[in-house]
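In each ligand, atom 1 is the first atom listed, and ligand 1 is the first ligand listed.
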Amino acid sequence: MTAALHIHQLNKHFANGKQALRDINLTVQRGEMVALIGASGSGKSTLLRHVAGLVVADAASDSRIEVDGCCVQQGGRIHRDIRKVRSQVGFVFQQFNLVDRLPVLMNVLVGLLHRTPWWRGWLRMFKPQERALALEALSRVGIAECHAQRASTLSGGQQQRAAIARTLVQGAKVVLADEPIASLDPESSRKVMDILARINREDRCTVIVSLHQVDVAIKYCPRVVALHHGQVVYDGPSAALTPALLRGLYGVQADEILAEAPPLHPVAAPAAAPVPQWAPALAQAA
Ligand SMILES: Nc1ncnc2c1ncn2[C@@H]1O[C@H](COP(=O)(O)OP(=O)(O)OP(=O)(O)O)[C@@H](O)[C@H]1O
Ligand SMILES: [Mg+2]
């Protein structure tokens, strides 16, 4: 079966010489819910942005990223069929990325623009059945009653739910969520994570979510990929994360994180099978 995401040998240097990603090789199967964790600056957003085709990998490399078998980019060049792939990838941003002055319903309908003639989108001429689809998506995320409000008048949690409704309307097969709960209170965070988990379960949507909160990652995501200085240093079951690994990832902040996380195994369970390069990478960083 074709994987939802396949990343081969991804490296990224920015123009200032900073290497943000190193030799990333990652496969995510359809229907998985994966947490991407790591300290600030470890490369989580950069990785997700490469998958969405918003950033290109190093030129003339043998990197390749595929979503659902379709090429997003190869060797530092965006594939010419990127529009088709982008329609399958929903991106949920930390800061929601809604158009503040537009009604919530219109923001959700933006998810349909990839399959709507430009002039209909431009004139905001959506068909009744398209509006019904957007309303249904808003109702699934629990904010149908807000459909006529301007996006700017919603709370942060409601705005994030509207952003998720937009990806539902888009019909995305893969949802990339970049710290979707970073600016939310605990109750709104729980609702947003519950919705992502429901989309994953009910729609068989593959969800890759970057998180600072390790306790949330463990609660919602069976699999965790941890980045450290742009490298994958752990890829395995969230249940097998160890305090030692978290200390290597987060340094002095680890104790704070461990206080919030459920009790972890003192050593990795045998099934954890961390990727081979993690131990040297963390040893180097120590
Ligand atoms: N456009 C850019 N130009 C130069 N360096 C960049 C650029 N974007 C990101 N970086 C650098 O790449 C590294 C990875 O950044 P990234 O935003 O992916 O980290 P992150 O894990 O998402 O961090 P956070 O948890 O704070 O969101 C950082 O060192 C960052 O400074
Ligand atoms: Mg980030």
Using protein heavy atoms only, decide if any is under 4.0 Å from atom 28 (C) of ligand 1.
yes

Is the contact between T46 and ligand 1 made by the side chain, the backbone, both, or neither, using heavy atoms and a 4.0 Å cut-off?
both

If we ignore hydrogens and angles and just use 3.5 Å, is the side chain of K44 paired with the main-chain N or O of E179 as donor and acceptor?
no

If we only consider heavy atoms of H212, is any one of them less than 4.0 Å away from an atom in ligand 1?
yes

For atom 12 (O) of ligand 1, the protein heavy atom that lies nearest, with its residue and separation
A20 CB, 3.4 Å

Flag yes if more than 12 heavy atoms outside R190 fall under 6.0 Å of its CZ atom; otherwise flag no.
yes

E179 heavy atoms, cut-off 4.0 Å: which ligand 1 atoms fall inside?
24 (P), 25 (O), 27 (O)

Run the numbers for me: atoms of ligand 1, each under 4.0 Å from some heavy atom of K18, listed by number.
29 (O)

Please confirm whether the backbone N or O of K84 pairs with a side-chain atom of D81, one donor and one acceptor, at under 3.5 Å?
no

Near N16, which atoms of ligand 1 are under 4.0 Å from a heavy atom of that residue?
4 (C), 5 (N)

Among G38, S45, A39, S40, closest by any non-hydrogen atom to atom 22 (O) of ligand 1
S45

Please check: side-chain N/O of T206 versus main-chain N/O of G31, any donor-acceptor pairing under 3.5 Å?
yes

To which protein heavy atom is atom 13 (C) of ligand 1 closest, and what is the distance rounded to 0.1 Å?
G41 O, 3.6 Å

Protein non-hydrogen atom found under 4.0 Å from atom 31 (O) of ligand 1:
no

Backbone N/O of V110 and side chain of R166: donor-acceptor pair under 3.5 Å:
no

Output the list of atoms in ligand 1 that are nearer than 4.0 Å to some heavy atom of S42, sorted by atom number.
19 (O), 21 (O)

Rounded distance [0.5 Å steps], CG in L184 versus CE in M193:
11.0 Å

Which heavy atom of P180 sits nearest a heavy atom of V92, and at what distance?
CB-CG1, 4.1 Å

Quick test: of every protein heavy atom, which one is nearest to atom 2 (C) of ligand 1, and how far off is it to 0.1 Å?
F14 CD2, 3.4 Å

Checking Q159 side chain against L154 main chain: does a donor-acceptor pair fall under 3.5 Å?
yes

Inter-residue atom distance E32.CD - I208.CD1, 0.5 Å rounding:
8.5 Å

Look at S210 and state whether any of its N, O or S atoms is less than 2.8 Å from the Mg ion (ligand 2).
no

Which ligand 1 atoms, with their elements, are less than 4.0 angstrom from a heavy-atom of G43?
14 (C), 18 (O), 19 (O), 20 (P), 21 (O)

